[in-house]
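Quick caveat: nothing in here was measured; it's all calculated off a predicted structure.
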Amino acid sequence: MKSTCWFFLLALLAGCTQHFDHVPDPQIARGLFSPVNLNPDTTIIYISDFIPDNELVDSVSFQSIEKNSWQRSSNKILIKTPEDLPMLSTMNLWVGDTPYSLLLKKSQKQKVILIYDPGSSQHGSVRARGEFNRWNARSTQFELIDGMWVAEILVNPGTYQYLLVINGEQALDPGNPDSVNNNMGGFNSVLSVGTGAEQAPWLFTDEIDEEEIDIETGNELDQYFVFWQNFKLPCSFIVREVEGDIEIKLPGKATQLKRSFIRVWSANKHGYSNELLIPLEYGRVLKDPSLLSRNEQQRMILYNVFVDRFNNGDPANDRPVDDPDILPPANYHGGDISGVIQKVKDGYFNELGINAIWLSPVVLNPEGSYGYWPDPPSKFSAYHGYWPISFTRIDPRFGTAGQLHKLVRVAHEHNLNVLLDIVANHVHEEHPVYRQHPDWATDLYLPDGTLNTEKWDEYRLTTWFDIFLPTLDLAKPAVYNMLSDSAVWWIKEYKLDGFRHDATKHIPEIFWRTLTYKLKTEVAIPEQRDLYQLGETYGSPELISSYICSGMLDGQFDFNVYDEALASIIRPDESFERLNTALQRSLKYYGSHNLMGYITGNQDRGRFASYAGGDLLFEEDSKLAGWTRDIGIGDPVAYDK
């Protein structure tokens with residue numbers, strides 16, 4: 001009996017690496033590699049997303065994928081997902097004798113059949129738009145089969161809001177009794193796809209000491225992986241206890257780094273667990289989150305400084321547009337960079353517990369009036385900063401280059417990060433680049449002759465925001481290289497800590513990959529500092545998450561959780577299950593320790609407190625309400641909410 005046990009132990013040790021002497025090279029890669037979510041069929045992995053100088057990667061190896069299922073072509077690795085692939089597996093990028101590891105997650109998508117019974121009605125077309133197709137009705141067209149309209153979609157387990165589009169008109173699905181208030185005066189149908197989430201495993205940190213971490217587990221684990229930084233720890237560092245818990249020995253090499261992380265994932269046939277992110281300081285578990293520095297992304301707490309409306313520190317630069325057709329709410333109010341500096345020095349942000357300032361755009365904008373609102377009639381100035389006529393010049397109505405330098409310096413002295421809002425999707429028609437290169441913009445008119453404006457979902461990569469705001473064709477190398485160079489210049493020139501990116505989903509991925517690559521190779525790696533990039537996308541979690549990875553953005557605003565928070569906290573007839581469902585879905589898509597922006601409001605939405613106090617109603621147009629009356633709080637219970 002003893003000899004059998006010893007033979008089994010020796011067999012385990014023979015398949016297990018006993019030594020671990022890898023330390024990340026700060027000149028090769030920076031930051032933690034994001035897991036790779038594989039597609040059901042084929043997936044392209046860009047090596048430079050993880051190791052910017054892809055030529056350093058001598059070879060690639062996989063844990064569970066045979067050679068005939070993948071191929072490398074320079075910077076790209078094309079994987080054809082095997083049907084029998086485990087839920088979790090790893091891939092190694094070899095730089096010399098050092099294997100940098102990526103976690104691969106198998107897709108859980110499944111086919112769902114949508115059926116619409118028209119009864120005796122005759123229809124020319126039936127489509128669906130919803131969270132499962134990025135709200136793009138062109139993506140899901142039904143076919144008429146034996147008197148029924150039928151469509152097939154491929155979706156992850158979860159719940160999805162949607163509408164049918166019948167002969168061009170939106171409607172609830174009459175065959176589906178489940179619907180939810182959309183917080184905009186209407187309802188959406190709800191599709192539920194079986195999850196089995198309650199049977200998926202879960203993890204949490206149980207006990208820690210100077211040398212090891214004990215992880216408690218729930219439900220059956222078929223697989224688990226432990227990474228230190230971007231290296232998979234060998235099994236000699238991990239013990240699976242009889243009761244199922246996991247004991248992790250901390251690698252001695254961690255004592256060489258002030259900050260490093262242990263990460264743990266697990267899975268079974270029902271799905272993935274939460275993942276653990278455990279910070280180490282010189283090889284010991286960091287228990288107090290307040291000891292994280294301001295520029296560590298996991299600690300960032302953001303304040304949106306809408307410059308023109310924040311604080312007027314220098315009345316000498318006040319210059320509202322002289323046009324009686326612009327009502328005062330749509331003109332400049334005088335806020336400026338100098339006013340932000342004053343508030344930093346006063347301790348305003350520190351007292352709020354803020355450690356990062358997001359500045360609205362400060363680039364040069366046009367002097368005149370544009371656009372039109374009919375009730376009450378008004379044109380608009382560019383007080384918001386989102387109509388650029390320069391990529392690098394600061395608008396004198398906001399301040400000077402010297403003042404922006406001072407703001408960043410003073411903010412850092414007060415332990416604050418500064419993120420700048422960057423507009424890459426479009427320019428104003430007065431922008432010299434557009435005047436010199438009109439062919440660098442997308443087409444204002446669609447093939448059928450209609451205007452390609454505000455087609456947010458159907459033509460999201462080409463649509464114009466307005467007829468005087470040309471959308472740049474950022475799929476063209478000349479355009480995305482120029483814009484990304486401009487963005488990098490802002491970081492280098494002003495020592496900024498990152499960006500908030502406007503209109504993310506309207507810009508092709510090649511721009512985000514190019515920009516992030518340049519930021520890594522020109523700033524983050526040479527200067528050994530982290531930069532945070534936060535995007536803005538209204539849409540489904542699948543669309544939002546498609547821009548989040550090591551090679552693109554760190555996170556995006558989670559408007560879906562925000563919308564459900566509004567409903568659950570403010571509406572007496574809505575339960576917190578609605579918010580919980582949205583939050584759990586977000587954690588599934590973006591990760592349990594994601595870097596998303598969980599907002600309490602922004603410049604495009606009505607104020608939370610006004611909704612909570614009843615002075616602003618979900619059923620009304622918030623913009624129209626803002627034009628036609630003074631909106632306050634209403635019931636003071638808003639503050640409690």
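- Partner of L444 under the side chain to side chain contact (heavy atoms under 4.5 Å, CB included) criterion, chosen from T463, L451, T471: L451.
- Using a 3.5 Å distance cut-off with no hydrogens or angles, the side chains of H412 and N417 do not pair a donor with an acceptor.
- Counting heavy-atom neighbours within 6.0 Å of K476 NZ, excluding the residue itself, gives a total above 12.
- Of the N and O atoms on the side chains of Y160 and N156, not one donor lies less than 3.5 Å from an acceptor on the other residue.
- Taking the ring axis of Y383 as reference, the NZ or CZ atom of R309 stays within 45° of it and closer than 6.0 Å to the ring centre.
- Test H428, H426, H431 against F468 for ring-ring contact (aromatic ring centres under 6.0 Å, His included) and you get one pass: H428.
- Note that the CZ atom of F511 and the CG atom of L461 stand 13.5 Å from one another [nearest 0.5 Å].
- Side-chain contact, N133 with T140: a donor N or O sits under 3.5 Å from an acceptor N or O.
- Counting heavy-atom neighbours within 6.0 Å of D630 CG, excluding the residue itself, gives a total of 12 or less.
- T462 and N452 form a side-chain donor-acceptor contact under 3.5 Å, judged by distance and modelled atom types alone.
- Neither side chain, S338 nor Q403, offers a donor N or O lying under 3.5 Å from an acceptor on the other.
- The CG atom of N54 sits 9.0 Å away from atom CD1 of I51, with the distance rounded to the nearest 0.5 Å.
- Taking CH2 from W358 and OH from Y303, the interatomic distance works out to 12.0 Å, rounded to the nearest 0.5 Å.
- Using a 3.5 Å distance cut-off with no hydrogens or angles, the side chains of D497 and N295 do not pair a donor with an acceptor.
- A donor-acceptor pair shorter than 3.5 Å cannot be found between the side chains of D421 and S360.
- Within 6.0 Å of OH in Y445 there are 12 or fewer heavy atoms belonging to other residues, nucleotides or ligands.
- Interatomic distance, Q533 CD to D554 CG, rounded to the nearest 0.5 Å: 6.0 Å.
- For D41, the CG atom counts as densely surrounded, since its 6.0 Å shell holds more than 12 non-hydrogen atoms of other residues, nucleotides or ligands.
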Less than 3.5 Å apart, which donor and acceptor atoms pair up between the side chains of residues 324-337 and the rest of the protein, not counting sequence neighbours?
from : atom 1 : to   : atom 2 : distance (Å)
N331 : OD1    : V321 : N      : 2.9
N331 : ND2    : V321 : O      : 3.0
Y332 : OH     : A382 : O      : 3.0
Y332 : OH     : R397 : NH1    : 3.4
Y332 : OH     : R397 : NH2    : 3.2
H333 : NE2    : P328 : O      : 3.1
D336 : OD1    : G313 : N      : 2.9
D336 : OD1    : G339 : N      : 2.8
D336 : OD2    : D314 : N      : 3.0
D336 : OD2    : N317 : ND2    : 3.4

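- Looking only at side-chain heavy atoms (C-beta outward), Y611 and S622 come within less than 4.5 Å of each other.
- In this structure, H501 and F499 have tilted ring planes: the angle between them lies in the 30° to 60° band.
- Counting all heavy atoms, side chain and backbone alike, E429 lies closest to I467 at OE1-O, 4.3 Å.
- By the 6.0 Å and 45° rule, R500 does not stack over the aromatic ring of F557.
- A donor-acceptor contact under 3.5 angstrom links the side chains of E430 and Y370, judged on distance only.
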### Message
Between Y598 and V561, is the side chain to side chain contact (heavy atoms under 4.5 Å, CB included) condition met? List the steps.
### Response
CA-CA 7 Å; Y598 290 98; V561 166; 4.0 Å; yes

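- A donor and an acceptor atom, one from each side chain of W135 and S540, are nowhere located under 3.5 Å apart.
- When only modelled atom types and interatomic distance are considered, N75 and S48 share a side-chain donor-acceptor pair under 3.5 Å.
- Under the side chain to side chain donor-acceptor pair (under 3.5 Å) criterion, S189 pairs with no residue, sequence neighbours left out.
- Annotation: I301, atom CD1; neighbour count of heavy atoms from other residues, nucleotides and ligands within 6.0 Å is above 12.
- One distance of note links CG of L419 with CD1 of I357; it measures 9.0 Å at 0.5 Å rounding.
- Counting heavy-atom neighbours within 6.0 Å of E169 CD, excluding the residue itself, gives a total of 12 or less.
- Atom NE2 in H405 sits 9.0 Å away from atom OG1 in T400 (nearest 0.5 Å).
- No more than 12 heavy atoms of other residues, nucleotides or ligands sit less than 6.0 Å from atom CZ of R393.
- Cation-pi geometry between K343 and Y348 is met: the NZ or CZ atom falls under 6.0 Å from the ring centre, inside 45° of the normal.
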### Task
Could you give me the CA-CA distance, side-chain angles and deciding distance for L483 and L474, then say whether side chain to side chain contact (heavy atoms under 4.5 Å, CB included) is met?
CA-CA 8 Å; L483 263 295; L474 282 156; 4.1 Å; yes

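- Within 6.0 Å of the NZ atom in K518, the count of heavy atoms belonging to other residues, nucleotides or ligands exceeds 12.
- Two residues are said to be in side-chain contact when any heavy atoms from C-beta on lie closer than 4.5 Å; E527 and K495 meet this criterion.
- For T516 (side chain) and M552 (main-chain N/O), a donor-acceptor pair under 3.5 Å exists by modelled atom type.
- Residues Y589 and S545 share a closest heavy-atom pair of CD2-OG, 3.8 Å.
- Test L164, I166, V165 against F142 for side chain to side chain contact (heavy atoms under 4.5 Å, CB included) and you get one pass: L164.
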